[in-house]
Chemist: 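Structure incoming, see below.
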Amino acid sequence: MSTIFEQIIERKLPSEVLFEDEDIICIHDKFPQAPVHILLITKKVIPSIDKLTKEDAYLLTKIFVKAKELALEHKIEDGYRILTNHGSSAGQTVPHLHFHLLGGKVLSSKGG
Ligand code: AMP
């Protein structure tokens, strides 16, 4: 069974794509938790950060640099949060590595 994000990458599910290259795809979250809520998703199916290997580390650089650029594009460069969830107790619902870029409001809690 492919993940929701694989289906989005394969254009089997609709999404608002903000950026895409051979390694990552960036889309608006369908259920935004903040005025700006963007998902940065690896095209390689890695179930979560817990399964990341050194060979995959370049993906993190790519994602964090793109997150910074998207923050600027969406005018939230003064304050934003980047996070990833591993495991259901942390709130992970899609087992395919992705990072949330959140901003556009005061983000009061660090989670917990
Ligand atoms: P997580 O809960 O950390 O695994 O994040 C999964 C995210 O995917 C959640 O913030 C959902 O709102 C979001 N999401 C679920 N389905 C879709 C979809 N079809 N398009 C865009 N975002 C989605």
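Positions are given from 1, in the same order as the sequence printed here. The figures here come from the full heavy-atom set of this structure, side chains too, leaving out hydrogens, waters and symmetry mates.
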Chemist: Treat each ILVMFWY residue as a node, draw an edge where side-chain heavy atoms are under 4.5 Å apart, and state whether Leu102 and Tyr80 are in one component.
Modeler: no
Chemist: Does some side-chain heavy atom of Thr42 sit less than 4.5 Å from a side-chain heavy atom of Phe99?
Modeler: no
Chemist: Among the clusters formed by ILVMFWY side chains lying less than 4.5 Å apart, do Val17 and Ile4 turn up in the same one?
Modeler: yes
Chemist: Do any N or O atoms from the side chain of Gln92 and from the backbone of Pro47 form a donor-acceptor pair under 3.5 angstrom?
Modeler: yes
Chemist: Check whether Leu18 and Leu72 end up in the same hydrophobic cluster, where Ile, Leu, Val, Met, Phe, Trp and Tyr are linked by side-chain heavy atoms less than 4.5 Å apart.
Modeler: no
Chemist: Contact between His100 and Ile82 at the side-chain level, heavy atoms closer than 4.5 Å - yes or no?
Modeler: no
Chemist: Ring centres under 6.0 Å, that's the criterion: do His96 and His98 meet it?
Modeler: no
Chemist: Closest approach of Ala34 and Gly103, non-hydrogen atoms and distance?
Modeler: CB-O, 3.6 Å
Chemist: Does Glu10 use its side chain to pair, donor to acceptor, with the backbone of Ile8 at less than 3.5 Å?
Modeler: no
Chemist: Sort out for me which residue in Lys44, Lys62, Lys43 forms a side-chain hydrogen bond (donor to acceptor under 3.5 Å, both in side chains) with Asp23.
Modeler: Lys62
Chemist: Can you tell me how far the CG atom of Leu97 sits from the OG1 atom of Thr3, to the nearest 0.5 Å?
Modeler: 11.0 Å
Chemist: CG of Leu39 to SG of Cys26: how many Å apart, nearest 0.5 Å?
Modeler: 9.0 Å
Chemist: Please answer: with hydrophobic residues joined when any side-chain heavy atoms are less than 4.5 Å apart, are Leu40 and Leu52 in the same cluster?
Modeler: yes
Chemist: How long is the straight-line distance from CG of Leu59 back to CD1 of Ile24, given to the nearest 0.5 Å?
Modeler: 8.5 Å
Chemist: Taking atom CG of Leu101 and atom CD1 of Ile38, what is their separation to the nearest 0.5 Å?
Modeler: 5.0 Å
Chemist: Any donor and acceptor pair, going by atom type alone, linking the side chain of Lys105 with main-chain N or O of Gln33 inside 3.5 Å?
Modeler: yes
Chemist: Supply the atom-to-atom distance Phe19 CZ to Ile27 CD1, rounded to the nearest 0.5 angstrom.
Modeler: 14.0 Å
Chemist: Grab the two heavy atoms, one from Gly104 and one from Pro35, that are nearest each other, plus how far apart they are.
Modeler: O-CG, 3.3 Å
Chemist: Is Leu13 reachable from Ile25 through a run of hydrophobic residues whose side-chain heavy atoms are each under 4.5 Å from the next?
Modeler: yes
Chemist: Just how far is it from atom OG of Ser2 to atom NZ of Lys12, taken to the nearest 0.5 Å?
Modeler: 5.5 Å
Chemist: Just by modelled atom types, is the Gly91 backbone N or O under 3.5 Å from a matching donor or acceptor in the Ser88 side chain?
Modeler: no
Chemist: Would you please say whether a donor-acceptor pair under 3.5 Å links the side chains of His37 and His28?
Modeler: no
Chemist: Using atom types as modelled and distance alone, determine if a side-chain donor or acceptor of Arg81 lies under 3.5 Å from a backbone N or O of Leu107.
Modeler: yes
